[in-house]
Amino acid sequence: MSRRSGACPQCGATINFKFSSAVQTICEYCRSILVRHDVDLEKVGVAADLPPDVSPIQLGTEGIFGNKAFWVAGRIAYQYDLGGWNEWHIVFNDGESGWLSDAQADYAISFPFAPPAPLPACSELIPGRPFQFDNTRFEVTTLTKAFYSGVEGELPFEYWDKEEVLFADLRSASSRFGTIDYSEEPPLLFLGQAVEFDSLRLKNLKEFEGW
Amino acid sequence: MSTPVKAKALNCPNCGGTVQLRGLGQALSAVCIQCLSIIDTSSAELRIIQQFKVKERVAPLIPLGTRGKLHGADYEAIGFQTRQIMVEGTAYEWREYVLFNPYKGFRYLSEYDGHWNDIKPLTGLPERVSHQGKPAATWLGKTYRHFQNADAETTYVMGEFPWKVMVGERAITDDYVAPPDMLSSEKTGSEVNWSHGVYMAGEQVRAAFSLPNPLPPSRGVFANQPSPHAGKPGSAWRTAVLLWAALAMVMFGSSLLMGQKEVFKQMFTFTQGSRGEPSLVTGAFDLDGRETNVELSVRTDLDNRWAYFNFALINEKTGQAYDFGREVSYYRGRDSDGDWTEGSSGDTVLIPSVPAGRYYLRVEPEMDPSRPGQSMRYSLTLRRDVPWNLPFFVAFILIAIPAILITLRSAGFESRRWAESDYAPSSSGDDEDDDE
């Protein structure tokens, strides 16, 4: 069992993990990216400045999805041709972790999903290719080449030395969608659904002057 | 982190003019209205995407910066574009407004000829299907009929957009309708984006944005404009069916109350004489009960011939007579269209309101005088107090009239809607092409 706290190997500041299964966090004082190995914290890099943040969501935002309360523990930010988006790492009150994505204030919640068969290589994906996951038919709509633009807070895996990342977007005939993340080997599959802002009943949001 | 995010402005990298930013960083491009430059606001370099020229600047009906309430939330109009399609050499232009709420993101309003749509991009992928042999799309269990395919071009832009907008950018659009809903797909390059719209009347838009002046009235029927007659033909016909059922019961009930008593029946033979009109009188019979109708049926063995009957129903005591004439003719043959018949070898007359009493009939048959010596056999049957169905038939038709009118009006609205679509029954010149 991992300890819930430790000291930053760079500056000695106390690091408290709010999420017990967190693998990676960032020292709030010296911005070192820290990875947890059993008892030790290893500094693996320094967090770059995140791009100007436009999302109403922030670390510590709380919400409800599927009758379970969650809070926002971390974030991975991406940039691509048509703008940027955030994948917020959310932790539910039962310890499950998932992702709340926010692209120009369009929201979706997704979870890792074990593919029934190995996923094809990205070179084999063409728009229109169908997949059957979790009793739903999905279709590849776009392949997005994105740039990892930074991390924040606690994450359930190590994620810090990325540059270019390829994603395949899968859509269905409902609000369910899928994403294949080709930044890992084997690639990771996430299944999720688009959600209405109001349905998440978010608290502790960022404020916008005049709104 | 707790300091509120503020709206900003930037200086146009081309002319130095102030460009107000209302999209709080979520928009990716902004237009400098002074020099008509489109600026990429997604990065700090503020690259100029395009400088464009227009013949005439367009004033949006909802001024940018106006906030309105839609679906219970405030939205600010932050962007505006005009787009057009060409149909048979004529440009049709409509307007789109980019609406923004920092928490709920972007949605859109479109306006064409005073018809508005409240539009939200879709995350899902509607299925293109065939419905009654025509292209359609389904989304969340609803079927949308394909309305129009077009090549849309952006002709003017103002304010901010959540993508890198350009004047002249084109998209292949397909609209599918299920009034008041609409699905649209826009294909740019290999990317297809779907959106879902709901029809809005100008008054609703004016109320939502508290606009001081009335918006231009709508003209014509729009693709997904809800029909004012929607559902009415169905309910009108349901009402008609109920009334018909009631009428049939009254008809049946009244027929049970009728005596329908046969008071006289006899066979006769008539031979056309060379001169004069031989008349005959029948034996007397009683018409009893209340004052009610009498039905006379004539049956003949005429075949490719005619006869004319003068009748008089005469009250033996008072001499009051009911005079009437009947022509009976029956012809048949065969021509290039096949067998034909005309007329009937019998006839029925209803004499209303005959008081009770003892009566007899005077009959004067007449046949073609040019063929003397010809004869016919005929029978006369008199029945007292028979059901009279004519008023019921009139009522039957009257009951249908409102339903027919409502159906026609509804069909008229739908045909005006579809006249603007790719599925118009005919439009100038198209027919010849189709016939080739």
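Chain naming here is simple, since letters A, B, ... match the order of the sequence lines and numbering starts at 1 in each. All values derive from a computational prediction rather than experimental measurement.
- Separation of atoms CZ (Phe177(A)) and CG (Leu125(B)) is listed at 13.5 Å; rounding is to 0.5 Å.
- Taking OG of Ser42(B) as the reference point, atom CD of Gln79(A) lies at 7.5 Å (rounded to 0.5 Å).
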Exercise for the section: Before giving the answer on side chain to side chain contact (heavy atoms under 4.5 Å, CB included), spell out for His71(B) and Asp198(A) the whole-Å C-alpha distance, their side-chain angles and the decisive distance to 0.1 Å. Expected result: CA-CA 11 Å; His71(B) 308 279; Asp198(A) 287 332; over 6 Å; no
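- Using a 4.5 Å heavy-atom cutoff, the side chains of Thr141(A) and Val192(B) are not in contact.
- When the shell of 6.0 Å around CD of Glu196(A) is examined, it contains 12 or fewer heavy atoms from other residues, nucleotides or ligands.
- Heavy atoms from other residues, nucleotides or ligands lying under 6.0 Å from NZ of Lys145(A) number 12 at most.
- With a 6.0 Å radius and a threshold of 12 heavy atoms from other residues, nucleotides or ligands, Glu28(A) has its CD atom at or below the threshold.
- Interface residue Phe208(A): backbone and side-chain heavy atoms are both found under 4.5 Å from chain B.
- Annotation: Lys120(B), atom NZ; neighbour count of heavy atoms from other residues, nucleotides and ligands within 6.0 Å is above 12.
- Expressed to the nearest 0.5 Å, how far CD of Glu127(B) lies from CZ of Arg137(A) amounts to 7.0 Å.
- Looking at every heavy atom in both residues, Ala105(A) comes nearest to Pro102(B) through CB-O, 4.1 Å.
- At least one donor-acceptor pair under 3.5 Å links the side chain of Tyr103(B) to the backbone N or O of Lys206(A).
- Contact annotation for Ser172(A): only backbone heavy atoms (N, CA, C, O) come within less than 4.5 Å of a heavy atom of chain B.
- Annotation: residues 147-181 of chain B contacts chain A through Pro162(B), Lys164(B) [non-hydrogen atoms, separation under 4.5 Å].
- For the pair Arg67(B) and Trp211(A), the cation-pi criterion (under 6.0 Å, within 45° of the ring axis) is fulfilled.
- Looking at Leu205(A), only its side chain comes within 4.5 Å of chain B, counting heavy atoms on both sides.
- Chain B forms more heavy-atom pairs under 4.5 Å with one residue of Ser55(A), Ala194(A), Pro127(A), Ala173(A) than with any other, namely Ala173(A).
- At a 4.5 Å heavy-atom cutoff, Asp169(A) makes no contact with chain B through either its backbone or its side chain.
- Residue with the most contacts toward chain B among Ser174(A), Gly210(A), Gly83(A), Ala103(A): Ser174(A) (heavy-atom pairs, distance under 4.5 Å).
- Taking both residues in full, the closest heavy atoms of Arg171(A) and Leu122(B) are given as NH1-O, 3.5 Å, listed atom of the first, atom of the second, then distance.
- Of the inter-residue distances, the one linking Asp106(A) atom CG with Gln26(B) atom CD reads 9.0 Å to the nearest 0.5 angstrom.
- At most 12 heavy atoms of other shown residues, nucleotides or ligands fall within 6.0 angstrom of atom NZ in Lys203(A).
- Other residues, nucleotides and ligands place no more than 12 heavy atoms under 6.0 Å from the CZ atom of Arg201(A).
- Residue Phe111(A) places its CZ atom among more than 12 non-hydrogen atoms of other residues, nucleotides or ligands, all under 6.0 Å distant.
- Under the 4.5 Å side-chain criterion, counting only non-hydrogen atoms from C-beta, Gln193(A) is not in contact with Thr123(B).
- Residue contact with chain B, scored on non-hydrogen atoms closer than 4.5 Å, is absent for Phe138(A).
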